[in-house]
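Heads up: the structure comes next, in structure tokens.
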Amino acid sequence: MSETVTTAPAPAPPPRERGLTRRTWTLIVSFLVVAALGLLGGFARVPYVALGPGPTYDVLGKVKDADVISVEGQNTFPTNGTLRMTTVSLTDDMSLFGALGLWLSGRYALAPREEFFKPGESEEEVQRNNELAFSESQTSAEVAALDYLGYPGKVIANQVTKGSPAENVIPLGARIISVNGKQVQSSADVSAALENTKPGDRIEVAFEKDGTSKSTQLTLGTRDDGRPAGFIGISPVDRADVPFKIKISLSDVGGPSAGLIFALAIVDKLTPGELNGGRAIAGTGEITGDGTVKPIGGIAFKMVAAKEAGATAFLVPSANCTDAKQQAPEGLTLIKVENLKDAVSSLEALNKGEPTPGC
């Protein structure tokens, strides 16, 4: 008798754990790279600033219900149209994506931050320096405008150097009457009066303070700049000498480039007729007390801002003309100016339909 024997099948091996596939790893790594780039682009700061068109201000009009330029103690004449000062906006502390976005917009240009912020210089220090330059531009505009109109000027000691011959002798803010026997009518006269002197020479300086005139003998010191002329130790500046007050009320603006437009507005308010002929005029340019117009930066952005504000003509410092001509918006007439007299005569010619000097 045979016996049937049943053999049980061998147990199956345990399932083998499968690792992540290559495709899965690729997706994970790609995600991590994209996330890292996103964080880098969104949060990492770049050492650049973005420059673009800034706001414009009609200096013949009002800001916050106050006249931008007012004259107290003197009759003024009505004005019309607009006379716009132009600015450049500066965006700092940008992320990589933020900088790239501004650049791709076509309205902004990127520039190394070090061109605008000195090493170790804080934003607050930059702002203070810009505000100081803006304040000085107002003073220069006033001096230039009143000099153009024939009003007298004066020279004052704006700073007195510590340890210099002038310290404790010439008071801060004193009006300088004469230096080394030569009458002083402008700040340049002070340097001219010292041209043929040398350290150790004794000279006479006449000045006036609080209505009292004085004359003193000084022994000249040595200049820090290596020039052979003697050194007094004052920083002379030009000021208007008029019985009325000009006030410029404009905040949150910095830099010296509004000087020309401020000067034109003062001339317009103190003379009959409309200097701009009722047109929309804009411009830019640093100005000195003698009326010389100096070049500025960001001319392309300022022209764009002027055009967008409705200006039909733009006053350009002659040294900026090459760049301005290449980048001027269509329909904006460029007028080249060397000094305040040029600017006034060009606007008068424009009003008469006569040709103006272009870039």
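Index from 1, following the sequence.
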Inset, instruction - For T271 and V267, indicate whether the former's side chain and the latter's backbone hold a donor-acceptor pair under 3.5 Å. - result: yes
Legend entry - Side-chain donor or acceptor of Q327 paired with backbone N/O of D323 under 3.5 Å: yes
Inset, instruction - Nearest 0.5 Å please: distance from the CZ atom of R227 over to the OG1 atom of T222. - result: 13.5 Å
Legend entry - Linked hydrophobic residues, V237 as query - side chain contacts closer than 4.5 Å: I156
Legend entry - Worked verdict on I287 versus T292 for side chain to side chain contact (heavy atoms under 4.5 Å, CB included): CA-CA 6 Å; I287 200 166; T292 300; over 6 Å; no
Inset, instruction - May I ask you to check whether R279 and N80 show a side-chain donor-acceptor distance below 3.5 Å? - result: no
Inset, instruction - Nearest 0.5 Å please: distance from the CG atom of L51 over to the CD atom of E115. - result: 8.5 Å
Inset, instruction - Give a yes or no on whether a salt bridge exists between K62 and D65, defined as a side-chain N under 4.0 angstrom from a carboxylate O. - result: no
Inset, instruction - Give the C-alpha distance, both sets of side-chain angles, the deciding distance and a yes or no for side chain to side chain contact (heavy atoms under 4.5 Å, CB included) between Y57 and I261. - result: CA-CA 10 Å; Y57 301 90; I261 299 302; over 6 Å; no
Legend entry - Single-linkage hydrophobic cluster I281~V63, side-chain heavy atoms < 4.5 angstrom: yes
Legend entry - Worked check of side chain to side chain contact (heavy atoms under 4.5 Å, CB included) between L146 and F244: CA-CA 11 Å; L146 295 178; F244 54 88; 3.9 Å; yes
Legend entry - Derivation and outcome, side chain to side chain donor-acceptor pair (under 3.5 Å), residues K302 and S257: CA-CA 11 Å; K302 293 181 177 183; S257 63; 2.8 Å; yes
Legend entry - Whether S345 side chain and D342 backbone form a donor-acceptor pair below 3.5 Å: yes
Inset, instruction - Say whether, by atom type as modelled, one donor and one acceptor occur between the side chain of T87 and the main chain of P55 under 3.5 angstrom. - result: yes
Inset, instruction - State whether the side chain of D201 and the backbone N or O of T197 hold a donor-acceptor pair below 3.5 Å, judged by distance alone. - result: no
Legend entry - Pairing residues for R107 by the side-chain contact (heavy atoms from CB on, under 4.5 Å) criterion, not counting sequence neighbours: P53, S105, V304, E308
Inset, instruction - Assess the side chains of S215 and E204: does a donor N or O sit below 3.5 Å from an acceptor N or O? - result: yes
Legend entry - Whether D268 side chain and L264 backbone form a donor-acceptor pair below 3.5 Å: no
Inset, instruction - Verify the cluster assignment for V160 and V190: are they in a single hydrophobic cluster under the rule of side-chain heavy atoms below 4.5 Å apart? - result: yes
Legend entry - K209 atom NZ, over 12 foreign heavy atoms within 6.0 Å: yes
Inset, instruction - Starting at SG of C321, measure out to CD of E338 and round the result to the nearest 0.5 Å. - result: 8.5 Å
Inset, instruction - Say whether V242 and V155 are linked into one hydrophobic cluster, either directly or through other cluster members, by side-chain heavy-atom distances under 4.5 angstrom. - result: no
Legend entry - S164 side chain vs T161 backbone, donor-acceptor pair below 3.5 Å: yes
Legend entry - Euclidean distance, D210 CG relative to T212 OG1, rounded to 0.5 Å: 7.0 Å
Inset, instruction - Side-chain contact test, heavy atoms from C-beta onward, threshold under 4.5 Å: evaluate it for I170 versus I232 and give yes or no. - result: yes
Inset, instruction - Please check if the side chain of D67 supplies one atom and the backbone of S70 the other of a donor-acceptor pair under 3.5 Å. - result: no
Legend entry - S140 side-chain N/O to S137 backbone N/O, donor-acceptor pair under 3.5 Å: no
Inset, instruction - Assess the side chains of S235 and N158: does a donor N or O sit below 3.5 Å from an acceptor N or O? - result: no
Legend entry - Pairwise side-chain contact, I203 with L220, heavy-atom cut-off 4.5 Å (strictly under): yes
Legend entry - salt_bridge(R113, D92) N-O dist < 4.0 Å: yes
Legend entry - Short side-chain donor-acceptor distance under 3.5 Å, T76 and K269: no
Legend entry - From L110 atom CG to M94 atom CE, the distance as rounded to the nearest 0.5 Å: 5.5 Å
Inset, instruction - May I ask you to decide if Y148's main-chain N or O and K341's side chain share a donor-acceptor pair within less than 3.5 Å? - result: no
Inset, instruction - Go through D147 and D290 one step at a time and tell me if the side chain to side chain contact (heavy atoms under 4.5 Å, CB included) criterion holds. - result: CA-CA 7 Å; D147 179 67; D290 64 1; 5.6 Å; no
Inset, instruction - Would you give the length of the straight line joining atom CD of Q138 to atom CD1 of I266, rounded to the nearest 0.5 angstrom? - result: 9.0 Å
Legend entry - In one Ile/Leu/Val/Met/Phe/Trp/Tyr side-chain cluster, 4.5 Å: I69, L347: yes
Inset, instruction - Would you indicate whether Q185, at its atom CD, is surrounded by more than 12 heavy atoms from other residues, nucleotides or ligands within a distance under 6.0 Å? - result: no
Inset, instruction - Please determine which of L315, I299, I296, T56 meets the side chain to side chain contact (heavy atoms under 4.5 Å, CB included) test together with T86. - result: T56
Legend entry - Hphob cluster co-occupancy, L172 + F231, side-chain heavy atoms under 4.5 angstrom: no
